[in-house]
Amino acid sequence: MPRVRFAPSPTGFLHIGSARTFIFNWLYARHEHGTMILRIDDTDADRNTRESETSIFEGLQWLELDWDEQYRQSERLELHGQVAQAIFRKGLAYRDFTPAGAEEEKSRQEGAWLFNAEMRELSAEESDRRAAAGEPFVLRFRVPRDSPRDIRFRDSVYGEQSKSTADIEDFALLRSNGLPTYHMASCADDIDLGISHIIRGQDHLTNTFKHVLIFEAAGAAIPEFAHLPLLIAPDGSKLSKRRHGPVVSVTTYRDAGFLPQAFVNFVCLLGWSPKDDRDRMSVQEMVDAFSFEGINRSNAVVNFREDDPFDPKAVWLNAQHLMALAPEDLAGRLLPFLRAAGFEAEPGKLLRVAPLIRERIKTLRDVATAADFFFASELAPYDSAELIPQKGDAAMALLVLRAALPVLAAAEFTHPALDAALRAEAQRLGVKAGQMFQPIRVAVCGRKAAPPLFETLEVLGRETCLHRVDRAIHLLESRNEAVSHVDS
RNA sequence: GGCGCUAUCGUCUAACGGUUAGGACGGAGCCCUCUCAAGGCUUAAAUACGGGUUCGAUUCCCGUUAGCGCUACCA
């Protein structure tokens with residue numbers, strides 16, 4: 001049974017790239033009926049914040065994906081130290097007493113810094129003596145130097161990988177404050193937690209050679225690796241909080257009214273393909289179809305813009321998922337957005353409205369602009385010119401609306417009955433059906449673009465409809481007066 | 001600089017040596033239609049460049065170019 005982990009470091013909000021790494025791990029775990037582990041990699045006390053950790057959980061919760069085990073790296077420091085010690089005792093690591101940020105900097109700038117021979121060759125006696133004297137040191141891995149050999153591993157995405165030890169520097173295992181570095185803590189935990197597959201961003205591909213060295217030194221089995229191509233901005237730069245702001249945060253998608261399943265769908269299609277022509281997929285379909293073979297190797301652009309923070313395909317997918325939702329589910333998700341926009345929405349009514357707007361909204365948040373007239377007690381002001389139908393004039397609008405009043409007052413208030421009655425009235429008046437419907441639509445909705453008229457009337461109810469049509473008539477009358485006044 | 005990785009329409013991708021290089025988003029057009037949508041149909045749009053290998057290269061190899069990553073006592 002595979003065991004996989006998502007190991008974010010709490011140094012900012014959960015961004016879309018990290019979320020994708022979580023999703024790929026989760027998809028693999030669920031596909032293989034394995035174990036999904038969440039591990040907070042918080043060994044860098046200087047940069048970790050509690051707020052960031054909270055926001056990461058917030059982001060993960062929104063995804064509606066779960067995990068089976070949870071750990072915090074800072075609570076496992078003892079283990080990391082033990083593994084480091086074991087490596088040290090085997091002579092595979094050494095103490096480096098070079099003060100932090102000392103002259104080494106210069107030689108590093110010039111290029112190939114691999115190790116400091118003086119420290120690497122320090123005698124055991126002197127090393128022990130200086131350590132005992134309390135001199136701070138960094139514990140470094142002693143990368144084999146005598147006869148360079150190739151470190152190899154097979155990546156499930158990128159294939160066979162190899163790198164000469166001659167190109168790997170003596171990296172740190174323990175910092176001078178005694179805390180483990182990422183490499184150390186991560187490998188020690190991966191060993192201890194029995195991680196079988198490490199699925200992470202491609203930015204770790206070259207780090208993996210170091211990790212293989214650590215696994216070997218610790219006498220542990222080497223896990224499988226699957227590195228994911230990176231997500232990048234339209235200009236090719238990597239996604240960053242500083243440069244791209246909140247558009248890279250998953251909570252931005254949440255707050256904009258994306259459905260988690262749509263977000264998961266969008267993100268999993270970035271760098272992975274089911275190899276058939278499917279694009280809109282349910283979470284279960286993604287789980288079923290997921291495999292490392294479907295992951296490709298080149299970076300994927302999240303196609304956002306300054307003026308539009310969301311990739312058009314994400315928006316389209318969201319609309320697709322919105323339409324696939326059961327009305328009750330949709331209404332339930334719409335409600336908080338409606339309330340946030342200041343509408344006193346009653347759930348029963350929303351359930352009737354939801355089917356009318358589902359094909360007309362791209363995000364949940366759109367409900368505020370698409371369904372406002374259902375919930376507002378008074379219509380927002382609109383231009384009376386909107387009431388004038390195609391190839392008609394104000395007089396026609398007035399005629400139609402006046403005629404509509406008694407029909408609306410008398411007809412059975414159902415979709416088919418209203419349809420029949422208003423069509424008949426249009427015919428009687430000698431106007432086209434559209435010319436009849438449009439003024440009523442605007443009178444009732446306050447705008448031209450709206451859901452189908454009869455369902456709308458039905459949901460709105462007789463009283464509201466009569467009131468709004470009446471108001472529209474007054475609007476037109478005062479408009480006519482104004483016009484004739486100008487004419488004379 | 002060193003090392004590693006990558007390269008198909010604007011974007012996400014399919015084509016594991018032989019296709020008129022396919023699909024999706026977005027764009028354009030048409031249809032449907034009480035508006036707006038949704039839906040349907042049509043259309044423009046790509047194999048970075050140069051060498052090989054091969055009867056035949058998007059596909060395999062080499063080089064160039066470009067991009068990305070690592071090169072921290074960050075992860």
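In what follows, chains carry the letters A, B, and so on, assigned in the order in which the sequence lines appear, proteins first and then strands, with residues in each chain numbered from 1. Note that the structure is predicted; figures quoted are calculated from it, not measured.
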Say we look at [N] and [M]: how far apart would their [atom1] atoms be, to the nearest angstrom?
N      : M      : atom1 : result
C55(B) : G63(B) : P     : 24 Å
G50(B) : U43(B) : P     : 30 Å
U20(B) : U58(B) : P     : 13 Å
G23(B) : A66(B) : C1'   : 28 Å
U11(B) : A7(B)  : P     : 15 Å
C30(B) : G69(B) : C1'   : 47 Å
U47(B) : U53(B) : P     : 24 Å
A46(B) : U8(B)  : P     : 14 Å

Under 4.0 Å protein heavy-atom contact, by nucleotide of nucleotides 62-70 of chain B - B base, S sugar-phosphate only: ------SBS
Pairs touching residues 430-439 of chain A that satisfy side-chain hydrogen bond (donor to acceptor under 3.5 Å, both in side chains), sequence neighbours left out: Gln438(A)-Arg441(A)
Near-strand residues of residues 265-283 of chain A, defined as heavy-atom separation under 4.0 angstrom from RNA chain B: Leu269(A), Leu270(A), Gly271(A), Ser273(A), Lys275(A), Asp277(A), Asp279(A)
Near-strand residues of residues 435-444 of chain A, defined as heavy-atom separation under 4.0 angstrom from RNA chain B: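 Under 4.0 Å from RNA chain B: Phe437(A), Gln438(A), Arg441(A).
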Phe88(A) vs Arg95(A), side-chain contact (heavy atoms from CB on, under 4.5 Å): CA-CA, chis, key distance, verdict: CA-CA 9 Å; Phe88(A) 175 68; Arg95(A) 300 189 185 100; 3.6 Å; yes
Leu269(A) CG to Leu317(A) CG distance, which is reported to the nearest 0.5 Å: 6.5 Å
Using the ring of each side chain (for Trp, its six-membered ring), is [X] parallel, tilted or perpendicular to [Y], with breaks at 30° and 60°?
X         : Y         : result
Tyr253(A) : Phe310(A) : perpendicular
Phe290(A) : Phe292(A) : perpendicular
Phe171(A) : Phe141(A) : parallel
His211(A) : His204(A) : tilted

Minimum side-chain heavy-atom gap Leu364(A)-Leu322(A) below 4.5 Å: yes
His227(A) vs Arg200(A) side-chain heavy atoms within contact, under 4.5 Å: yes
Using whole Å, report how far [atom1] of [X] lies from [atom2] of [N].
X         : N      : atom1 : atom2 : value
Asn303(A) : U13(B) : CG    : P     : 12 Å
Leu174(A) : A72(B) : CG    : C1'   : 15 Å
Gln390(A) : C36(B) : CD    : C1'   : 13 Å
Asp372(A) : C36(B) : CG    : C1'   : 14 Å

Do any side-chain nitrogens or oxygens of [X] fall under 4.0 Å of OP1 or OP2 in [N]?
X         : N      : answer
Asn296(A) : A14(B) : yes
Arg358(A) : A38(B) : no
Arg140(A) : C73(B) : yes

What's [X] touching, base or sugar-phosphate or nothing? Going by heavy atoms closer than 4.0 Å.
X         : value
Pro136(A) : nothing
Gln320(A) : sugar-phosphate
Thr43(A)  : sugar-phosphate

Glu293(A) with Lys275(A): basic N within carboxylate O range, under 4.0 Å: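 Lys275(A) and Glu293(A): not salt-bridged.
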Salt-bridge present (Lys210(A), Glu169(A); N to O < 4.0 Å):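 Salt bridge: yes.
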Shortest side-chain distance from Val301(A), nucleotide among G2(B), U11(B), A75(B): U11(B)
Nearest to side-chain heavy atoms of Tyr158(A), which nucleotide of C36(B), A75(B), C5(B): C5(B)
Contacts of Phe209(A) that satisfy ring-ring contact (aromatic ring centres under 6.0 Å, His included) - sequence neighbours left out: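 Phe209(A): ring-ring contact (aromatic ring centres under 6.0 Å, His included) contacts with Phe153(A).
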Residue list, ring-ring contact (aromatic ring centres under 6.0 Å, His included) with Phe137(A), at least two apart or on another chain: Phe97(A)
